[in-house]
J.: 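First the structure, which I've put down as structure tokens, then a few questions once you've had a look.
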Amino acid sequence: MPMNTQGRPTRMADNIATGGYAETTSGSKGLEQAEPLIYERGSAEQTGVDLPEPKCTPNRLGGLARQSELGLPGLSEPETMRHYVRLSRKNYAIDLGLYPLGSCTMKHNPRLNEKMARLPGFADVHPMQPASTVQGAYQVIGELAHWLMTLTGMPGVAMSPKAGAHGEFCGMMAIRAKLDADGQTHRRRVLVPESAHGTNPATAVQCGFTVDEIPADDTGRVDMEAFKAKLGDDVAGIMLTNPNTCGLFERDIREIADLIHEAGGYFYCDGANFNAIVGRVRPGDLGVDAMHINLHKTFSTPHGGGGPGSGPTVLSEALAPHAPVPYVVQNGNDWELVEHEADAAGEPFGRMAAFHGQMGMFTRALTYMMSHGSDGLKQVAEDAVLNANYIQARLKHVMTPAFDGVCMHEALFDDRFLEGTGVTTLDFAKAMIDEGYHPMTMYFPLVVHGAMLIEPTETESKSGLDRFIDVLEALSLAAKAGEKERFQAAPVHAPTKRLDETRAARQPVLRWTPSTDDELQAAE
Ligand SMILES: *Cc1c(COP(=O)(O)O)cnc(C)c1O
């Protein structure tokens with residue numbers, strides 16, 4: 001099979017030869033257009049723009065002017081449009097179908113949010129504008145901060161973190177600053193349950209702590225005896241998710257909070273799963289000291305594919321004085337921005353971002369809250385939990401729930417139902433692609449063998465859930481009926497078929513290089 005140095009066919013003819021597409025001359029299949037990389041499509045010699053040579057602009061680059069061509073592919077506007085539209089049609093999207101990725105909360109993004117975020121007064125503001133010209137934007141930040149504190153029952157919030165993991169970093173830096181301010185610099189051990197999201201231990205290490213893992217008990221929750229045994233005067237705190245990543249409520253959370261406080265540590269709660277409890281439980285009442293909120297999950301701002309996130313972090317009375325700059329404050333009728341540590345009322349641990357955060361996400365999240373109201377937000381949590389339990393209840397006769405009893409907003413299955421079928425969790429997920437569904441989160445959390453974590457979210461209708469459940473049920477029965485080959489070949493209906501995932505992980509090719517003449521000839 002002729003391939004270039006990157007191990008991939010670079011031209012349509014190659015795609016046909018490799019079976020990458022159905023047997024058509026063009027490589028396209030009906031509405032699905034074959035499309036090469038943009039570097040293969042355009043060339044550096046072409047350009048889609050026609051700008052006059054700049055006049056009278058002296059070169060002020062000194063000796064730093066680029067010596068060689070940049071080598072960017074040039075395409076005309078219509079060619080560029082087609083390229084990206086063709087690629088977009090190969091993508092799965094929340095606006096296309098149910099997106100059951102556990103721990104990600106891929107729910108519908110209301111269009112009202114988009115409309116508000118695009119108002120020129122929000123969309124076109126510049127962070128360097130004088131404060132007097134962006135009072136409305138500051139007010140949005142201030143009001144959103146107010147509602148985040150109200151919903152969580154916490155007295156402080158840092159708005160600038162730009163993702164969940166960034167918010168974790170903020171909370172753990174605040175804990176570290178508080179410990180240091182109190183002369184507790186020997187407290188550097190952070191307890192993290194083994195089911196935790198990978199960002200938790202990574203954050204702790206990044207903030208200069210060591211990680212000590214707490215095992216789960218056989219109900220999938222923190223093993224309390226193991227937890228108590230790990231408490232000591234070098235403990236800085238615990239990082240815990242509730243509901244946890246097994247989709248279960250940590251029932252002992254109050255006792256965990258009390259014990260960590262008695263031991264002189266702080267309670268960091270990973271709030272990524274807040275949509276399961278929003279409007280029903282205030283984490284502040286549970287004894288939480290710091291918690292990030294993923295606006296892009298709980299409050300429905302679009303995410304995925306590296307898109308923008310926003311991770312405001314609520315803080316307890318002990319930690320709030322260490323919140324990072326900048327932040328907005330209301331002064332009479334005016335909104336002001338506290339930019340510098342020297343002007344802050346407390347002792348900020350520093351700064352996390354150049355400016356004050358993700359304005360577009362703030363506007364969307366506030367719109368979401370306002371349009372739901374307090375009754376609507378409560379219903380978000382109720383429906384999220386109901387939908388996950390509906391899936392679990394309707395599938396437990398063919399798939400194997402990892403734990404007994406009701407779940408929160410995610411249904412977790414393990415691979416016991418596939419035992420002896422020759423079908424793996426990965427094969428099962430690939431078969432879902434052929435059925436038109438994005439697979440659930442697979443092999444996470446790590447504490448469950450062959451895990452399949454399904455988060456339907458509250459925005460799916462019953463008929464949408466039924467359709468999805470029917471597909472999973474049929475696939476489970478097909479696996480048990482011995483249709484192993486179908487699973488191992490899947491996906492056969494996707495633009496790209498089964499990939500060598502091990503090779504992709506072990507030998508990633510992250511840089512495009514032009515094919516050599518030899519390779520092109522070999523491909524002819
Ligand atoms: C998504 C998630 C995170 C990280 O959030 P990002 O915005 O992706 O950085 C952390 N913890 C849990 C439990 C999550 O689901």
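The basis for the numbers below is simple: all heavy atoms, side chains too, and nothing from hydrogens, waters or symmetry mates. Whatever order the structure lists ligands and atoms in, that order sets their numbers, starting from 1. Count residues from 1 along the sequence.
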J.: Does ligand 1 have any N/O pairs with the protein under 3.5 Å, and how far apart?
T.:
| residue | atom | partner | partner atom | Å |
| --- | --- | --- | --- | --- |
| ligand 1 | 5 (O) | Asn294 | ND2 | 3.0 |
| ligand 1 | 7 (O) | Gly164 | N | 2.7 |
| ligand 1 | 7 (O) | Asn294 | ND2 | 3.3 |
| ligand 1 | 7 (O) | His296 | NE2 | 2.7 |
| ligand 1 | 9 (O) | Gly164 | N | 3.3 |
| ligand 1 | 9 (O) | Ala165 | N | 2.8 |
| ligand 1 | 11 (N) | Asp270 | OD1 | 3.3 |
| ligand 1 | 11 (N) | Asp270 | OD2 | 2.5 |
| ligand 1 | 15 (O) | Ser103 | O | 2.7 |
| ligand 1 | 15 (O) | Ser103 | OG | 2.7 |
| ligand 1 | 15 (O) | Lys297 | NZ | 2.7 |

J.: With sequence neighbours excluded, give me every salt bridge (Lys or Arg N to Asp or Glu O under 4.0 Å) pair touching residues 195-222.
T.: Arg189-Asp212, Asp212-Lys230

J.: Do His126 side-chain atoms and Asp124 backbone N/O form a donor-acceptor pair below 3.5 Å?
T.: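 The answer is no, because no donor-acceptor pair under 3.5 Å joins these two groups.
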
J.: Please tabulate, one pair per line, all N/O donor-acceptor pairs under 3.5 Å involving side-chain atoms of residues 152-159, not counting sequence neighbours.
T.:
| residue | atom | partner | partner atom | Å |
| --- | --- | --- | --- | --- |
| Thr152 | OG1 | Leu148 | O | 2.6 |
| Thr152 | OG1 | Met149 | O | 3.4 |

J.: Without hydrogens or angle criteria, can the side chains of Ser300 and Asn113 be said to hold a donor-acceptor pair below 3.5 Å?
T.: yes

J.: Under 4.0 Å between a Lys/Arg side-chain N and an Asp/Glu carboxylate O for Glu382 and Arg280?
T.: yes

J.: Return each pair, listed once, that meets ring pair (Phe, Tyr, Trp, His ring centres under 6.0 Å) where at least one residue sits in residues 145-171; pairs must be two or more places apart or across chains.
T.: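 Listed by first then second residue: nothing to list.
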
